[in-house]
Amino acid sequence: MNEPVIQLRDLRRQFTVRSPAGRLRRTRNVVHAVDGLSLDLADGSALGYIGANGAGKSTTIKMITGILVPSSGSVRTCGLHPVRQRKRLARQIGVVFGQRTQLWWDLPLRESYRTLAAIHRLPSNAWPKRRDELIDRLDLGSFVDTPVRQLSLGQRIRGEIAAALLHSPSLLILDEPTIGLDVLSKERLRVFLTEQRELHGTSLLLTTHDMDDVQRLTERIVVVDRGRMVYDGGLPGLVDRVGAERVIMLDLVDPAPPLEGIAGTRVVAVEAGGLRQRLSFVPGTTTAAAVLKAAAERTEVRDLSIEEPDIEDVVRRLYLST
Ligand SMILES: Nc1ncnc2c1ncn2[C@@H]1O[C@H](COP(=O)(O)OP(=O)(O)OP(=O)(O)O)[C@@H](O)[C@H]1O
């Protein structure tokens, strides 16, 4: 078996923060941003790395990518030492930080890609094909010659993802890639990323606050809280463990009175005069299929969707349960 693309062993990083205490005194506080993390990410797999604000996600990514030196423990990424072998590592990973740009602000995407190809020393007979494939799949054609600063957020993020994938890295790291994107752009991006994984076997490490991202893009979730791992497994297991409620949204053919009394559910909203109803349920006590069956015995159901609990809520519940 291949070596894991990411291997963390008892990884720790502390920060010393000085804050004023009275008029003259300053206190020293040590923040344990990452506090003993061990983890293997198998080659070709996808991991959703989630946690509340300040849980330590960005600090972990910075150590994985060699931007930050660990206080103790070890990290290997693509078989390399991220700090000592940072240049070699840069050729094997692609990184996108949703809120920061790695493109040249005044240059069009096309020029940025040319520069990146030179930086990565990509063979001139191969990289334009890859660029064109990315322009096509990410639908960049209409703005690839516009300076980056004039792009919308959604366009820029797509441009960033193409930049991160131009050199066909074996590991793609995305930090909040869909933050601020509209529903359609998010969906397109998810479809694209799924396709890239299938085509190229790229491993994926994703941090997000969006449960749909996690569900669609990854098969494994690690939850961190105050720098420590509090969960490692699949999404259904996580939802079961915290007992977080799912909401099933039913669109009915005709308006109906609130669908009260369906075993294991609670009516949380009735909209459009009874045409749309939301029922919450705890996975394990009943299933979406059972809820749908019970609802359909009372009235004709036109459509349904299931809303997953949000990450902050899941993390809070997980924390309370440990
Ligand atoms: N350079 C720094 N100096 C001091 N403290 C820091 C520094 N970087 C991070 N921290 C602290 O370390 C902890 C973890 O921060 P980190 O940015 O890794 O969290 P995060 O999970 O990425 O949060 P978010 O979801 O808000 O981005 C926080 O308490 C943060 O304030």
Side-chain angles (χ1 to χ4, degrees), residues 6-21 26-39 41 46-75 77 82-83 86 93-102 153 156-157 160-161 164 171-181 186 189 204-215 217-218 220-233 235 238 242 244 308-320 322:
I6 298 176
Q7 190 174 63
L8 312 180
R9 290 290 175 272
D10 198 23
L11 188 67
R12 292 169 197 268
R13 172 69 205 212
Q14 290 115 34
F15 295 106
T16 304
V17 187
R18 292 186 174 77
S19 50
R26 287 170 80 78
T27 55
R28 260 176 100 242
N29 278 322
V30 177
V31 177
H32 299 272
V34 173
D35 198 16
L37 211 57
S38 296
L39 172 83
L41 179 65
L47 175 73
Y49 191 49
I50 69 176
N53 291 119
K57 304 180 296 290
S58 300
T59 305
T60 312
I61 288 185
K62 286 177 188 164
M63 291 191 279
I64 289 172
T65 53
I67 298 173
L68 202 63
V69 181
S71 305
S72 66
S74 73
V75 47
T77 311
V83 175
R86 199 165 151 193
I93 60 172
V95 188
V96 174
F97 291 103
Q99 285 155 316
R100 253 174 291 155
T101 184
Q102 49 187 341
L153 177 67
R156 182 174 68 71
I157 297 290
E160 302 264 4
I161 291 184
L171 169 65
L172 179 64
I173 299 178
L174 302 175
D175 193 2
E176 297 280 0
T178 59
I179 203 164
L181 298 188
K186 277 187 188 186
L189 197 55
L204 179 67
L205 174 65
L206 170 78
T207 79
T208 181
H209 280 89
D210 190 318
M211 213 63 173
D212 285 339
D213 280 351
V214 170
Q215 190 173 20
L217 294 171
T218 70
R220 177 180 169 201
I221 298 173
V222 164
V223 184
V224 275
D225 184 55
R226 301 174 198 196
R228 293 185 183 189
M229 189 192 287
V230 290
Y231 181 81
D232 183 358
L235 180 62
L238 175 60
V242 298
E308 296 294 338
D310 73 51
I311 283 176
E312 300 294 327
D313 184 43
V314 168
V315 173
R316 190 176 52 79
R317 284 163 180 268
L318 194 61
Y319 186 62
L320 290 174
T322 48

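Heads up: numbering here begins at 1 and tracks the sequence. Every number for a ligand or one of its atoms is a count from 1 in the order of the listing. Not measured: the values here are computed from a predicted model.
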Derivation and outcome, side-chain contact (heavy atoms from CB on, under 4.5 Å), residues V224 and Y49: CA-CA 8 Å; V224 275; Y49 191 49; 3.3 Å; yes

Atom indices of ligand 1, in the order listed, that fall short of 4.0 Å to a heavy atom of A52: 21 (O)

Under-4.0 Å heavy-atom contact with ligand 1, by part of T59 that carries it: both

Residue A55 vicinity, atoms of ligand 1 by number, heavy atom under 4.0 Å: 19 (O), 20 (P), 21 (O)

Chi angles and distances behind the side-chain contact (heavy atoms from CB on, under 4.5 Å) call for L174, D213: CA-CA 11 Å; L174 302 175; D213 280 351; over 6 Å; no

Numbering as shown, the atoms of ligand 1 that approach N53 to under 4.0 Å (heavy-atom distance): 23 (O), 24 (P), 25 (O), 26 (O)

Short side-chain donor-acceptor distance under 3.5 Å, S38 and D10: no

Nearest-contact summary for atom 17 (O) of ligand 1 - protein heavy atom, Å: S58 CB, 3.7 Å

Atom 19 (O) of ligand 1: the protein heavy-atom neighbour that sits closest, reported with distance to 0.1 Å: G56 N, 3.2 Å

Nearest-neighbour protein heavy atom for atom 25 (O) of ligand 1, which is reported as residue plus atom name and distance: K57 NZ, 2.8 Å

Student check: side-chain heavy atoms of R18 and T27 closer than 4.5 Å: no

Ion pair check, R220 and D232, cut-off under 4.0 Å: yes

Separation of K62 NZ from D175 CG (nearest 0.5 Å): 9.0 Å

CZ (R228) with more than 12 external heavy atoms under 6.0 Å: no

Atom 30 (C) of ligand 1 protein-contacted, heavy-atom criterion under 4.0 angstrom: no

Shortest protein heavy-atom distance from atom 28 (C) of ligand 1, along with the residue and atom involved: G54 O, 3.7 Å

Side-chain (E160) to main-chain (Q102) donor-acceptor, under 3.5 angstrom: yes

Shortest heavy-atom approach to atom 2 (C) of ligand 1 - which of F97, F15, Y49: F15

Residue and atom name of the nearest protein heavy atom (relative to atom 12 (O) of ligand 1), distance in Å to one decimal: A33 CB, 3.3 Å

